[in-house]
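Written below as structure tokens is the structure these notes are about.
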Amino acid sequence: MKRGTIIIMIIVFSVIAALTAGFLILKQYMPEHNWQPTLSHKSSHPYGTSYLYNLLKESYDEDDFMELKKRPQKIIPDSDTNSLLFYIGYNSFFDSLSIEWIRKYMINGNKVCFASNQLP
């Protein structure tokens, strides 16, 4: 090999080694936890809800536990009894029809729990 090629390879290797060492040093000082509120059931950070989600999921049978991605009144009949509706989110956007459905749902003997920054 030519001397110029060897020098270029040494420089490239040195830069890569320096970047790797810098990353490893900086990683030691990065915080372990993300303290931004996520309220995500997939997040195990302090504001994540993965522990609560898994606890609830393990407490109920597979047929009795359901994660809703739509409004509950479109999935759960208001005639349902002895069940729990658990809502976790930043803001809850309930219109008057949703609130009326929740009221009927509770009157039928169901339980409702909301964990949110703001409720209407």
Side-chain angles (χ1 to χ4, degrees):
M1 281 190 186
K2 293 184 180 179
R3 183 175 178 171
T5 306
I6 293 174
I7 292 174
I8 290 174
M9 289 176 61
I10 290 173
I11 291 172
V12 168
F13 178 75
S14 299
V15 168
I16 291 172
L19 288 174
T20 303
F23 174 75
L24 293 175
I25 290 170
L26 287 176
K27 188 176 178 185
Q28 289 179 337
Y29 297 105
M30 292 176 70
E32 285 184 44
H33 300 292
N34 178 5
W35 287 95
Q36 297 297 320
T38 59
L39 301 179
S40 169
H41 70 275
K42 297 175 183 173
S43 173
S44 61
H45 292 292
Y47 282 104
T49 58
S50 66
Y51 179 75
L52 177 61
Y53 178 83
N54 292 330
L55 183 67
L56 287 171
K57 192 170 185 175
E58 291 171 4
S59 298
Y60 293 94
D61 293 335
E62 191 173 314
D63 297 335
D64 296 334
F65 183 84
M66 168 181 4
E67 181 182 348
L68 303 177
K69 300 200 188 243
K70 296 180 181 178
R71 291 182 177 189
Q73 62 265 35
K74 293 185 177 183
I75 299 170
I76 303 171
D78 60 359
S79 61
D80 194 16
T81 59
N82 198 24
S83 61
L84 168 67
L85 175 64
F86 200 97
Y87 173 82
I88 299 174
Y90 285 111
N91 299 315
S92 51
F93 302 103
F94 298 115
D95 56 7
S96 59
L97 292 174
S98 297
I99 292 172
E100 183 62 26
W101 180 87
I102 291 169
R103 189 181 72 74
K104 286 180 185 176
Y105 183 76
M106 289 189 313
I107 288 172
N108 286 337
N110 298 299
K111 298 175 188 89
V112 177
C113 179
F114 291 102
S116 179
N117 284 344
Q118 295 178 346
L119 290 173

Donor-acceptor pairs under 3.5 angstrom involving side-chain atoms of residues 9-29: please list them, not counting sequence neighbours.
residue, atom, partner, partner atom, Å
Ser14, OG, Ile10, O, 2.8
Thr20, OG1, Ile16, O, 2.9

Item checked: Heavy-atom closest pair, residues Val112 and Leu84 -> N-CD1, 4.4 Å
Check: Counting distance only, does the side-chain N/O of Asn110 pair as donor-acceptor with the main-chain N or O of Met106 below 3.5 Å?
Finding: no
Item checked: Rounded distance [0.5 Å steps], CD1 in Ile102 versus CG in Leu97 -> 11.0 Å
Margin query: Working note: Ile88 + Tyr53, criterion side-chain contact (heavy atoms from CB on, under 4.5 Å); need CA distance, chi angles, decisive distance, verdict.
Written below: CA-CA 10 Å; Ile88 299 174; Tyr53 178 83; over 6 Å; no
Notebook entry, point to check: More than 12 heavy atoms of other residues, nucleotides or ligands under 6.0 Å from OH of Tyr60: is that the case?
Noted result: no
Next item on the list: Looking only at non-hydrogen atoms, find the nearest pair between Leu55 and Ser59 and report the distance.
Entry: O-OG, 2.7 Å
Next item on the list: Under the side chain to side chain contact (heavy atoms under 4.5 Å, CB included) rule, collect the residues that match up with Tyr87, sequence neighbours excluded.
Entry: Ser92, Phe114, Ser116
